[in-house]
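Since the structure comes first, as structure tokens, the remarks are kept for the end.
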Amino acid sequence: MKENYFDCVVIGGGHAGVEAALASSRMGAKTLMVTLFTDTIGQMSCNPAIGGVGKGQLVKEIDALGGEMGKAADATGIQFRQLNASKGQAVRSSRCQSDRLRYKLYIQATVRDQANLTVRPDKVSEILVDHHRIVGIKTESGEQIHCKTVVVTTGTFLRGRIHVGESITPGGRVGEPASYRLADCLQNLGFPLLSFKTGTPPRLDGRTIDFTHLERQDSDERPIPFSFRTKKLPTDLLPCYITRTTEQTLAIIKDNLHLSPMYSGRIQSTGVRYCPSIEDKIVKFKDKLTHQVFLEPEGLDTFEYYPNGISTGLPAEVQETMVHSIKGLEHAKLIRPGYSIEHGVVPATELTAYLETKKVKGLFLAGQINGTTGYEEAAAQGIMAGINAVLSARNETPFVLRRHEAYIGVLIDDLVTKGTDEPYRMFTSRVEHRLIVREDNADKRLAKYGHQFGLIAPEEFDQINQKYAAIDQEIEHLKTTRIPPGTSLDEELEKINSSPIRQPVLLSDLLKRPEVRYHTIAAFDGHLKNFPQEVIDQVEYEIKYEGFIQRQYKMVDRFRHIENIKIPANFDYEQVHSLSREIREKLKRFSPSSLGQANRISGVTPAAISILMIYLRKKSLEKKDQKI
């Protein structure tokens, strides 16, 4: 019996499933991962890349919590770039091209070697529930497995349907079956199922691509790792190339639009707004005659290329003609066609802020089943669900990240508070406190939690503390050290067309000048000469943007009081007669856990929040009086 009993069962071996299973097992919980095929654990189903705008921040945060995605990306990267590098630190995001095969093998080795983690190749057909509480799962092979918690990370497999032109094939990925019985089980448990659509482009043989006249894009000269634990990045790197569709491409797609599953009526699901198919681009952006295409290498040991920007569900023969109309791809050979895929989604409003379902205790959902798109969004939910599944099994307080603490906090709060009627993708623009939740300080913000849960080793946590002690010490030095006129620093200032010092001035005030960088001061009186550039960048940023950063902290403090006012579970909003019926219905539907969360529900007015606050305080005082 003990061999078939687990603290946590994770269904699925994609990015969400991997992070959930690793977090659970590393916290000491006996964990089982059930997945269709062990050789597809960690598979990059779409593009061979990690990070991107808003997504890079998620990867850094996963790493700071003790997750694996950042380490895997660093170990298997073949190109590293920082996006928005010319803009402020708050919107800079890391991205890397990964070797698809090596990434998967790295993840599989990590999972295989992880203590407390068992992997079984099987298909889950049923989630077993008793009195609204998880008791186990049942597989299609007939095995019953007892457990305290379950994390469902089905990706695109839940009722997955693959479309290529008029052909429709059940499946979660090409050559892999969809999950229908599990979908039926979720519906029988009372969960509504939506249907979302995503897609992928054809894969190309790089030996048949003419790169001669295409724009080449290399790695940054000073690449920055995703993981604070990475000491050295790979040096065997590859370039990407940029091309564009042509007016001929546009004509081919228009002539065959009736064959696209999105426009023939075969797909009724909602697609990804911010990563549309090439058909969507042609229809929705009629004024644009060409669209950018990034040719991304799949790895060091393959000739395969991923043409990012032409995701499509058109028939294979049309895809070939379309590809040949693009500069540099006139003779490109298609290794396999692209496709559109529909998959089942449980509305995220069915979840609590810690990703547990409201209907079933001990049941957690993470990844695309919650309506997100992208590896990074899935992995972020996965690590949070894994942590909370263990805390639930131990009857401990759930772990919730707030919006001012992390991009992960924004991601989950957006999903469970507002829901989503289209595949959700993380962007920096969604984050209202992005000056204080930057990529560069993810370890400062979140490693304390990773250490608390046993996911960050004590020596790693000590290194982080030492780094920030050095940063704080240098900031204090710059804020308390005055430089008189007539020093050699005036010569350095003259070289960058900055005014000479007229009277004693703080080094920090000098650094606030737009044209002055830390290295200018370091040459004269800086203490971080031998530190990595990313550490120096943090000192510079904290000084230059000090006023803006302090303003954001004050804003957080202003709203903190309503975030901390909890709304009891199963609160009866009908008792609050001053609320309108419409607002009562919305509050009952979303079941917010705090006034702050209620405040973010569309249509809930500030007046309604005030009414709720007064009512909750009154009830709290009544309880205190009763105890006295």
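Side chain of Lys544 to main chain of Val516: a donor-acceptor pair is present (N/O by atom type, distance under 3.5 Å, no hydrogens or angles). A distance-only check finds a donor-acceptor pair linking the side chain of Arg438 to the backbone of Leu435 [under 3.5 Å]. With hydrogens and angles disregarded, a donor-acceptor distance shorter than 3.5 Å links the side chain of Asp7 to the backbone of Lys30. His15 places a side-chain N or O within 3.5 Å of a backbone atom of Gln43 that can act as its donor or acceptor partner. Between the side chain of Glu376 and the backbone N or O of Gly51 there is at least one donor-acceptor pair closer than 3.5 Å. The backbone N or O of Leu365 sits less than 3.5 Å from a side-chain atom of Asn370, completing a donor-acceptor pair.
Atom CD1 of Ile41 and atom CG of Leu105 lie 11.5 Å apart (nearest 0.5 Å). Note that CG of Leu237 is 10.0 Å distant from SG of Cys96, once rounded to the nearest 0.5 Å. Rounding to the nearest 0.5 Å gives a distance of 6.5 Å between CZ of Arg203 and CD of Glu304. Rounding to the nearest 0.5 Å gives a distance of 11.5 Å between OG of Ser227 and CD1 of Ile62. In this structure, the separation between OH on Tyr306 and SG on Cys46 is 3.0 Å, given to the nearest 0.5 Å. We find the OG1-CD distance between Thr76 and Gln97 to be 11.0 Å, quoted to the nearest 0.5 Å.
No donor-acceptor contact under 3.5 angstrom links the side chains of Asn441 and Tyr468, judged on distance only. Gln597 and Thr417 are linked by a side-chain donor-acceptor pair at a separation below 3.5 angstrom, with hydrogens and angles left out of the test. Under the 3.5 Å distance criterion, with hydrogens and angles disregarded, no donor-acceptor pair is assigned to the side chains of Asp537 and Gln89.
You'll find the ring centres of Phe211 and Tyr305 inside the 6.0 Å limit.
Counted within 6.0 Å of CZ on Phe37, heavy atoms from surrounding residues, nucleotides or ligands total more than 12; the atom is thus considered enclosed. The 12-atom threshold is exceeded at CZ of Phe461, counting heavy atoms of other residues, nucleotides or ligands nearer than 6.0 Å.
Between Asp414 and Arg403 a salt bridge is recorded (basic side-chain N to carboxylate O distance below 4.0 Å). Looking at Glu296 and Arg95, a side-chain N of the basic residue comes within less than 4.0 Å of a carboxylate O on the acidic one, giving a salt bridge.
Residues Arg434 and Thr428 come closest through the heavy atom pair NH1-O, 3.4 Å. Pro201 approaches Ile310 most closely through the heavy-atom pair CB-O, 3.5 Å. Tyr518 and Glu540 get closest at one heavy-atom pair: N-OE1, 2.9 Å. When every heavy atom of Gly17 is checked against every heavy atom of Thr153, the shortest pair comes out as CA-OG1, 3.3 Å. Heavy-atom minimum distance, Ala20 versus Val151: CB-CG1, 4.1 Å. Nearest approach of His343 to Thr156, heavy atoms of both residues: CB-O, 3.4 Å.
Contact check for Tyr407 versus Lys60: no side-chain heavy atoms found under the 4.5 Å cut-off. Side chains of Phe228 and Glu460 form a contact here, defined as non-hydrogen atoms less than 4.5 Å apart.
Among the candidates Leu22, Leu117, Val18, the single residue satisfying the side chain to side chain contact (heavy atoms under 4.5 Å, CB included) test with Thr110 is Leu22. None of Arg92, Glu439, Gln82 except one satisfies the side chain to side chain contact (heavy atoms under 4.5 Å, CB included) rule with Ile224; the exception is Gln82.
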Worksheet item: Yes or no on side-chain hydrogen bond (donor to acceptor under 3.5 Å, both in side chains) for Gln57 and Ser93, after CA distance, side-chain angles and deciding distance?
Response: CA-CA 6 Å; Gln57 282 87 340; Ser93 302; 2.8 Å; yes

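For the pair Arg430 and Tyr424, the cation sits on the ring face: its NZ or CZ lies under 6.0 Å from the ring centre, inside 45° of the axis.
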